[in-house]
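Each ligand, and each atom within it, is numbered from 1 in the order the structure gives.
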Amino acid sequence: MSDPPDPRRAELAAALTAVRERIAAACTRAGRAPGEVRLVAVTKTFPAADAALLTDLGMLDLGENREQEAVDKVADLRELRPDAPVRWHMLGRLQRNKARSVVRWAAEVQSVDSVRLARALDRAAVLAREAGERTEPLDVLVQASIDGDPDRGGCPLDTLNMLADEVARSSELRLRGLMAVAPRAMGPGEAFGSLARAADRLRGDHPAADELSAGMTNDLEIAITHGSTCVRVGTALLGTRRLASP
Ligand SMILES: *Cc1c(COP(=O)(O)O)cnc(C)c1O
């Protein structure tokens, strides 16, 4: 007996194909191999049932930007697809008092923007290992603020390497690279160009930190032109979000 066709599954499958085609076309134009760019599906505001369908379609890198929403969704997805080897990415602003919780579910935190947060995550990851909740170090991207606006999160570019040094020194954190969101007030070409130079400086000090997470639904092509290795896509995969995420 086969399952009845699921219209949402078909919708997500078509959207995933379209996004993969956009990534492949952008890579070709940039003279890069499509395998160089990872896709993280941003499931924020969408239910765990959608995340489950995405895993059925082979999407195992999933991202959330609010800790509490993620805790619930991760638990729900574990019930729905206990065997799916999902890697959850934390993408949003994180308060230090959530560190102990986020290390229970996230494989990677892409939004580390201060030394104090890095230290809190390291301590939390040590405790999680001792409690048997983790076996691997926490992968970390330091989040850059391209325009230096402190209200929107991210570390100013001139102190980014100091923050990266702190992450690299931490026993339970693994520095993987850099993440940023293009500021609204700046053209994406200029913004991602400036980010690419910051990524070069970071690799100068930390050659293994070669991830550059940049590009979302509206700007992934420009980000790939400027060397992105990870695009984080919500709207183009799952549809327009009804609730605004802060
Ligand atoms: C919501 C979000 C995304 C995805 O944005 P879309 O424009 O829906 O693709 C990517 N990165 C972060 C940090 C986000 O909060």
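Between Arg203 and Asp200 there is a salt bridge, since a side-chain N of the basic residue sits under 4.0 Å from a carboxylate O of the acidic one.
For the pair Leu238 and Val42, the tightest heavy-atom approach, listed with the atom from each and the gap, is CD1-O, 3.1 Å.
Every pair passing side-chain hydrogen bond (donor to acceptor under 3.5 Å, both in side chains) that includes a residue from residues 174-184 is listed here, sequence neighbours excluded: Asp139-Arg174.
When hydrophobic side chains of Ile, Leu, Val, Met, Phe, Trp and Tyr are connected at separations under 4.5 Å, Met179 ends up clustered with Leu141, Val181, Met216. Its side chain outside the 4.5 Å cluster rule for every partner, Leu127 clusters with none of the Ile, Leu, Val, Met, Phe, Trp and Tyr residues.
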Problem set entry | Test side-chain hydrogen bond (donor to acceptor under 3.5 Å, both in side chains) applied to Asp165 and His206, step by step | CA-CA 8 Å; Asp165 292 345; His206 301 279; 2.8 Å; yes

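Ligand 1 is surrounded by Val42, Lys44, Asn65, Leu91, Met216, Thr217, Arg232, Val233, Gly234, Thr235, Arg241, each with at least one heavy atom closer than 4.0 Å.
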